[in-house]
Amino acid sequence: MHGGAARPVLAVRAVVATLATLAAVALSAAGCSGAAGEGADAAGREVSIAAAAAELEAMSGAVLEGREATFRDILADTIAKDAYLCLPAPRDVFHGEAPEGERRIAGMMPHYGLFFGPMSYLVRRRGGAWEVEVRIAVDPPAGAGAWLELPDCGLAGALGGAIACRGTPYARSGSTDACPGSGEFSARATPAAIRALLSRWSTEVEGYWNRDARAFGLPVRYDFDFVLGDDARGRALRVDLAVPLSPTCGRTPYFSAMRAGWSLPVLAHEVGHVLGLLDEYEALSGIVRCYPKTPFPGAEISRMGLSMREQTLLLPVHHYLVLRRFFCRAPASMDPYAGAIR
């Protein structure tokens with residue numbers, strides 16, 4: 001924050017309280033379990049926002065101390081904006097006897113009140129643990145001779161000498177800018193380079209999610225697959241997001257392009273949007289250098305608050321928000337406000 005008293009999370013806490021009330025009304029009407037093919041048959045306990053937050057805080061431990069109010073607001077705000085209307089107890093979601101099976105989650109989430117962004121993923125319960133899969137298909141930049149801006153030297157091994165590699169990797173720059181320009185990293189946009197880039201993303205981006213799930217003792221494994229659009233179409237693969245591959249870095253919505261210059265931590269944040277998570281920083285911050293990225297008070301520890309830092313975390317609340325939709329009835333509408341009182 002920039003001097004003075006910290007501004008309230010999400011601008012006005014009264015707004016969040018109102019949203020939480022609307023969410024509670026909608027949840028009580030919708031219930032938690034669904035018919036076969038629409039949700040789990042046994043959802044476990046339905047709880048209040050306050051009770052869910054308390055369970056998630058206990059799972060988070062000391063890292064959340066002093067930040068509880070921020071993440072309670074984030075939980076309430078996300079639930080209030082979600083068309084999947086149920087609130088199973090977090091302990092039941094992670095450690096209860098959930099039914100085996102898989103489910104495709106799809107819908108839209110509102111961002112900043114300005115636009116709707118798609119979410120889509122597969123969630124599977126198998127052997128007492130959770131699996132979450134996301135597949136993103138990209139179409140490479142058109143035209144011969146294009147260059148890829150890269151965030152670091154990570155493709156040097158795969159591409160040998162066919163890469164420029166000088167300076168500080170973007171993720172280690174210390175900046176809160178997603179594209180700090182702290183070095184010169186580039187390669188020609190050859191088919192081999194693009195495949196190497198997508199292979200690296202498929203191997204390493206999910207690692208941030210799996211690292212944090214293990215650290216908090218949560219039984220969930222993530223699998224993110226980045227493929228060429230032609231390959232996805234030729235093999236008739238399930239695709240959760242299809243976008244162009246931009247050859248540069250830049251601040252653009254995740255549903256407009258995946259960008260070659262985004263660092264691995266930033267990509268882990270962007271996949272969070274595909275999984276239906278919202279940003280945890282002030283709207284429009286970080287777009288210009290005179291207004292740097294400003295996470296909500298306390299959210300500087302969060303992957304969805306400061307995306308570009310290696311050490312920021314995907315907390316139990318984030319994993320819960322992804323998994324709980326498995327238990328909800330299929331939405332009657334993709335409008336995330338359909339359950340609210342108008």
Is there side-chain contact between Ser302 and Phe71, with heavy atoms separated by less than 4.5 Å? yes
Can a side-chain donor-acceptor contact be found between Tyr208 and Gln311 if the only test is distance below 3.5 angstrom? no
Got a second to check how far Leu306's CG is from Ile301's CD1, nearest 0.5 Å? 10.5 Å
What about the rings of Phe327 and Tyr84, do their centers lie closer together than 6.0 Å? no
Atom CG of Leu323 and atom CZ of Phe326: how far apart are they, to the nearest 0.5 Å? 9.5 Å
Quick one: side-chain hydrogen bond (donor to acceptor under 3.5 Å, both in side chains) partners of Arg91, sequence neighbours excluded? Glu55
Step by step, work out the side chain to side chain contact (heavy atoms under 4.5 Å, CB included) result for Leu122 and Arg103. CA-CA 6 Å; Leu122 187 73; Arg103 187 173 180 201; 5.9 Å; no
Return all side-chain donor-acceptor pairs below 3.5 angstrom for residues 261-277, not counting sequence neighbours, or 'none' if the list is empty.
{"unit_1": "Trp262", "atom_1": "NE1", "unit_2": "Gly250", "atom_2": "O", "d": "2.9"}
{"unit_1": "Ser263", "atom_1": "OG", "unit_2": "Val266", "atom_2": "N", "d": "3.4"}
{"unit_1": "His269", "atom_1": "ND1", "unit_2": "Arg303", "atom_2": "O", "d": "3.0"}
{"unit_1": "His269", "atom_1": "NE2", "unit_2": "His273", "atom_2": "NE2", "d": "3.2"}
{"unit_1": "His269", "atom_1": "NE2", "unit_2": "Asp279", "atom_2": "OD1", "d": "2.8"}
{"unit_1": "His273", "atom_1": "ND1", "unit_2": "Leu277", "atom_2": "O", "d": "2.8"}
{"unit_1": "His273", "atom_1": "NE2", "unit_2": "Asp279", "atom_2": "OD1", "d": "2.9"}

Phe94-Trp130 aromatic ring centre distance below 6.0 Å: no
Please enumerate all residues that pass side chain to side chain contact (heavy atoms under 4.5 Å, CB included) together with Arg233, with sequence neighbours excluded. Asp139, Asp230
Is the shortest side-chain heavy-atom distance between Leu85 and Arg329 below 4.5 Å? no
Separation of Leu315 CG from Ser60 OG (nearest 0.5 Å): 5.5 Å
If you measure from the Lys or Arg side-chain nitrogens to the Asp or Glu carboxylate oxygens, is any gap between Arg135 and Asp240 under 4.0 Å? no
Centroid separation His319 to Tyr222 less than 6.0 Å: yes
List the atom of Ala260, the atom of Leu245, and the distance in Å for their closest heavy-atom pair. N-CD1, 4.1 Å
Given Glu100 and Arg126, is the salt bridge (charged side-chain N to carboxylate O under 4.0 Å, His left out) satisfied, shown in steps? CA-CA 5 Å; Glu100 302 273 307; Arg126 181 164 60 185; over 6 Å; no
Grouping I, L, V, M, F, W and Y whenever their side-chain heavy atoms are under 4.5 Å apart, do Val138 and Trp147 come out in a common cluster? no
Assess the residue pair Arg188 and Leu159 against the criterion (side chain to side chain contact (heavy atoms under 4.5 Å, CB included)); give the C-alpha distance rounded to whole Å, side-chain angles, the decisive distance to 0.1 Å, and a yes or no. CA-CA 10 Å; Arg188 287 195 178 277; Leu159 300 180; over 6 Å; no
Shortest non-hydrogen contact between Asp177 and Pro180, atoms and distance: O-CD, 3.4 Å
Salt bridge (charged side-chain N to carboxylate O under 4.0 Å, His left out) against Glu57, all qualifying residues, sequence neighbours excluded: Arg72
Of all heavy-atom pairs between Asp212 and Thr312, which one has the smallest distance, and what is that distance? OD2-O, 4.0 Å
Distance-only, no hydrogens or angles: does the Thr78 side chain make a donor-acceptor pair with backbone N or O of Leu75 under 3.5 Å? no
Common cluster, Leu228/Leu237, ILVMFWY with side-chain heavy-atom separation under 4.5 Å: no
Min side-chain heavy-atom separation Thr190-Ile194 under 4.5 Å: no
Residues Arg104 and Glu133 bridged, charged N to O under 4.0 Å: no
Give the minimum heavy-atom separation between Ile136 and Val134, together with the two atoms involved. CG1-CG1, 4.0 Å
Answer with yes or no whether the side chains of Glu149 and Ser186 bring together a donor and an acceptor at under 3.5 Å. no
Do other residues, nucleotides or ligands put more than 12 heavy atoms under 6.0 Å from Arg124 CZ? yes
Could you pull out the closest heavy-atom pair between Val243 and Ala257, with the gap in Å? CB-CA, 3.9 Å
Spacing of Cys249 atom SG and Leu150 atom CG [to the nearest 0.5 Å]: 10.5 Å
Hey, does the side chain of Ser199 reach the backbone of Ala196 with a donor-acceptor pair shorter than 3.5 angstrom? no
Roughly how far apart are Leu87 CG and Arg45 CZ, rounded to 0.5 Å? 11.0 Å
For Ala129, is there any backbone N or O sitting under 3.5 Å from a side-chain donor or acceptor partner on Arg221? no
Taking the basic N atoms (NZ, or NE/NH1/NH2) and the acidic carboxylate oxygens, is any pair closer than 4.0 Å for Asp92 and Arg324? no
With heavy-atom distances below 4.5 Å as the criterion, would you say the side chains of Pro219 and His95 are in contact? yes
CZ-CG distance between Arg238 and Asp225, expressed to the nearest 0.5 angstrom: 9.0 Å
Let me see the working for Leu241 and Met258 under side chain to side chain contact (heavy atoms under 4.5 Å, CB included), right down to the final yes or no. CA-CA 10 Å; Leu241 183 68; Met258 292 286 115; 4.1 Å; yes
For the residue pair Asp223 and Asn210, establish whether any side-chain heavy-atom pair is separated by less than 4.5 Å. no
N-O pairing of Arg235 and Asp231 below 4.0 Å: no
Pairing residues for Arg125 by the side-chain hydrogen bond (donor to acceptor under 3.5 Å, both in side chains) criterion, not counting sequence neighbours: none
Is the backbone of Thr168 close enough, under 3.5 Å, to the side chain of Ser182 for a donor and an acceptor to pair up by distance? yes
Has Glu300 got a side-chain atom pairing as donor or acceptor with Gly305's backbone, closer than 3.5 angstrom? no
Identify the two heavy atoms, one from Val132 and one from Tyr121, that lie closest to each other, and give their separation to 0.1 Å. CG1-CD1, 4.0 Å
When you measure from the side chain of Arg325 to the backbone of Ala83, do you find a donor-acceptor pair of N or O atoms at a distance under 3.5 Å? no
Flag yes if Ile49 and Leu64 sit in one hydrophobic cluster, no otherwise; membership is Ile, Leu, Val, Met, Phe, Trp, Tyr, and two members link when side-chain heavy atoms are under 4.5 Å apart. yes
With heavy-atom distances below 4.5 Å as the criterion, would you say the side chains of Phe185 and Ile163 are in contact? no
Listed by chain and number, what are the side-chain hydrogen bond (donor to acceptor under 3.5 Å, both in side chains) partners of Tyr254, not counting sequence neighbours? none
Taking the side chain as every heavy atom from C-beta outward, state whether Pro88 and Tyr320 have any atom pair closer than 4.5 Å. yes
Is the shortest side-chain heavy-atom distance between Tyr170 and Met308 below 4.5 Å? no
Worked verdict on Leu313 versus Arg211 for side chain to side chain contact (heavy atoms under 4.5 Å, CB included): CA-CA 9 Å; Leu313 301 171; Arg211 175 198 71 183; 4.2 Å; yes
